[in-house]
Amino acid sequence: QVQLVESGGGSVQAGGSLRLSCGVSGYTVSRNCMAWFRQGPEKKREGVATLTTHDGSTYYANSVKGRFTISRDSAKNTMDLQMNDLKPDDTAMYYCAIGPYRWPLCSWLGDEYDYWGRGTQVTVSS
């Protein structure tokens, strides 16, 4: 059974940092995409960052580029999202997701991902 469990959310002031972690168990596909999505209050879900496991390629939404870093620890089977210089607009529920890789890039569409965590809340105050 595939399970994704997020941790590390919380409340910070603008300019602060948080590190989210996603523990993955039960998923054995070798070439896959891992991603972080978020959904803010009264907003649509949006992709934040993606990581291709077989070559380590990473991509970021323009809104977080230069502030967020996605990474993976294959030994621990975890995926992290380091978030720096947080802004109130970053306030959202953050979800990790995993799905198969389909050439040429990991998708920004949530429907392309098969498994999801339950989310962790990030709140940034001004």
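For the residue pair A61 and W108, the shortest heavy atom distance occurs at N-CH2, 3.6 Å. Here the closest non-hydrogen pair linking D111 and R45 is OD1-NH2, 3.9 Å. What you find for D85 and S17 is that their closest heavy atoms are N-OG, 4.3 Å. In this structure, A14 and S126 approach most closely via the heavy-atom pair CB-CA, 4.3 Å. Heavy atoms only, all atoms of each residue included: G9 and V122 are closest at CA-CG2, 4.2 Å. In this structure, P41 and T91 approach most closely via the heavy-atom pair CD-O, 3.8 Å.
Aromatic ring orientation, Y115 versus Y27: perpendicular (interplanar angle above 60°, classes split at 30° and 60°).
In this structure, Q3 contributes its side chain and G26 its backbone to no donor-acceptor pair below 3.5 Å. Looking only at distances, no side-chain donor or acceptor of N77 sits under 3.5 Å from a matching main-chain atom of S74. Between the side chain of E6 and the backbone N or O of G119, at least one donor-acceptor pair lies under 3.5 Å. Checked by atom type and distance alone, the side chain of T52 never pairs as donor or acceptor with a backbone atom of H54 at under 3.5 Å. The main-chain N or O of Y101 is never found under 3.5 Å from a side-chain atom of R31 such that the two would form a donor-acceptor pair.
D80 and S71 share no donor-acceptor pair across their side chains, judged by distance under 3.5 Å alone. Side chain to side chain, T53 and N32 meet the donor-acceptor criterion of an N or O pair below 3.5 Å.
Between F68 and N84, the closest side-chain pair of non-hydrogen atoms is not below 4.5 Å. You'll find the side chain of V24 stays beyond 4.5 Å of the side chain of M79, heavy atoms only. Put simply, the side chain of C33 does not reach to within 4.5 Å of the side chain of T50, judged on heavy atoms. Within the 4.5 Å cutoff, the side chain of E112 has heavy atoms near those of the R102 side chain. Between R72 and M34, the closest side-chain pair of non-hydrogen atoms falls below 4.5 Å.
Taking OG1 of T120 as the start and OH of Y94 as the end, the distance is 10.5 Å to the nearest 0.5 Å. Going from atom CD of Q121 over to atom CE of M93 covers 5.0 Å, rounded to the nearest 0.5 Å. Distance check, rounded to the nearest 0.5 Å: CZ of R19 to OG of S7 gives 10.5 Å. Distance check, rounded to the nearest 0.5 Å: CD1 of I98 to CG of D114 gives 9.0 Å. How far OH of Y59 is from CG of L105: 4.5 Å, rounded to the nearest 0.5 Å. The CG atom of D89 sits 8.5 Å away from the OG atom of S63 when rounded to the nearest 0.5 Å.
In this structure, Y95 is not a member of the same hydrophobic cluster as L51, with clusters built from ILVMFWY side-chain heavy atoms closer than 4.5 Å.
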(request) Verify side chain to side chain contact (heavy atoms under 4.5 Å, CB included) between D90 and R38, making sure each step is shown before the conclusion. (result) CA-CA 9 Å; D90 295 319; R38 68 184 181 186; 2.9 Å; yes

(message) For V124 and Q13: C-alpha separation, side-chain torsions, deciding distance, then whether side chain to side chain contact (heavy atoms under 4.5 Å, CB included) applies.
(response) CA-CA 5 Å; V124 184; Q13 290 190 327; over 6 Å; no

(request) Starting from the C-alpha separation in whole Å, work towards a yes-or-no answer on side chain to side chain contact (heavy atoms under 4.5 Å, CB included) for V48 and Y60. (result) CA-CA 6 Å; V48 174; Y60 299 91; 5.9 Å; no

(request) List the steps and the verdict of side chain to side chain contact (heavy atoms under 4.5 Å, CB included) for Y113 and F37. (result) CA-CA 11 Å; Y113 291 81; F37 288 81; 3.8 Å; yes

